[in-house]
Amino acid sequence: MNISKRLLLGIGAATLIMESAVIQPAFAADKVSLFKIITSKDEIVIGISEGDLAQIEGQNAGGIAKMLVAKGSMSAWQYAVRKSASGDLEQAPLHKIGLIARDSIRVEPYATPLKVLPIDETKK
């Protein structure tokens with residue numbers, strides 16, 4: 001069956017338009033950076049949105065540690081691994097937590113091969 005070049009071009013253009021309409025809202029959400037908070041008792045993973053991270057000196061783990069020591073405490077979203085509706089594993093915000101500065105705390109960047117979901121501020 002021969003498909004004309006014009007039909008093939010039309011299908012390709014329609015596909016491109018549909019993909020951009022679906023993908024664009026995903027890029028509109030703030031990107032989230034994950035950090036591991038390590039204390040003498042446990043470890044948790046927190047997520048900080050790109051907008052909030054831009055307000056932190058250095059925009060890295062060292063900047064978060066400095067801010068935490070200077071202010072004494074901070075709020076962040078705790079992240080945890082969960083299964084999506086399709087069955088894939090993903091990093092998702094669990095709930096908002098408060099961190100208190102201690103001598104035995106360490107902040108590290110946290111890399112994950114999983115999809116990281118954005119923070120939904122409406123679920124505070």
Side-chain angles (χ1 to χ4, degrees):
M1 204 171 158
N2 290 336
I3 298 177
S4 71
K5 290 180 182 179
R6 188 178 270 174
L7 178 61
L8 188 57
L9 183 61
I11 291 172
T15 302
L16 182 63
I17 291 168
M18 292 299 290
E19 281 184 22
S20 65
V22 172
I23 293 172
Q24 193 168 3
F27 288 127
D30 262 349
K31 209 171 153 186
V32 175
S33 295
L34 299 181
F35 297 91
K36 185 186 284 190
I37 307 296
I38 302 165
T39 68
S40 58
K41 293 186 179 188
D42 64 353
E43 299 178 357
I44 62 167
V45 175
I46 64 166
I48 300 179
S49 71
E50 195 174 64
D52 290 341
L53 192 59
Q55 298 174 8
I56 297 173
E57 178 188 336
Q59 301 178 6
N60 57 21
I64 293 169
K66 282 181 188 178
M67 186 183 80
L68 188 56
V69 169
K71 290 187 174 183
S73 65
M74 69 178 277
S75 295
W77 280 89
Q78 182 176 358
Y79 267 67
V81 176
R82 72 172 188 192
K83 279 191 177 183
S84 68
S86 65
D88 295 333
L89 294 178
E90 60 190 11
Q91 288 278 355
L94 185 59
H95 49 260
K96 201 157 195 177
I97 60 167
L99 298 172
I100 301 170
R102 298 272 181 193
D103 292 335
S104 60
I105 195 168
R106 188 170 80 228
V107 180
E108 299 176 349
Y110 184 77
T112 179
L114 305 177
K115 177 182 176 184
V116 178
L117 298 181
I119 296 169
D120 184 1
E121 292 294 334
T122 62
K123 293 184 180 181
K124 284 185 181 180

Results of side-chain contact (heavy atoms from CB on, under 4.5 Å) for S86 - residues two or more places apart only: S84, D88

Can you check whether W77 reaches V32 side chain to side chain, under 4.5 Å on heavy atoms? no

Taking the hydrophobic residues Ile, Leu, Val, Met, Phe, Trp and Tyr, and joining any pair whose side-chain heavy atoms are under 4.5 Å apart, which ones share a cluster with L114? V81, L89

For V107, give me all partners under side-chain contact (heavy atoms from CB on, under 4.5 Å), at least two apart in sequence or on another chain. F35, I37, A61, I64, A65

With sequence neighbours left out, the residues meeting side chain to side chain donor-acceptor pair (under 3.5 Å) with T112 are none

Quick one, D52 and M74 - any side-chain contact, counting heavy atoms below 4.5 Å? no

Answer yes or no: is there a side-chain heavy-atom contact under 4.5 Å between I44 and L99? yes

In chain order, what residues pass the side chain to side chain donor-acceptor pair (under 3.5 Å) check against K115, with sequence neighbours excluded? none

Report the distance from atom OG of S33 to atom CG of L53, rounding to the nearest 0.5 Å. 5.0 Å

Counterpart residues, side-chain contact (heavy atoms from CB on, under 4.5 Å), relative to L94 (two or more places apart): Q78, A80

For I46, does its backbone N or O pair with a side-chain atom of Y110 as donor and acceptor, under 3.5 Å? no

Pairwise distance CD1(I48) to CD(Q59) - rounded to 0.5 angstrom: 11.0 Å

Same cluster or not: are L117 and L34 linked, directly or through other Ile, Leu, Val, Met, Phe, Trp or Tyr residues, by side-chain heavy atoms under 4.5 angstrom apart? no

Separation between CE (M67) and CD (Q55), nearest 0.5 Å, reads 9.0 Å

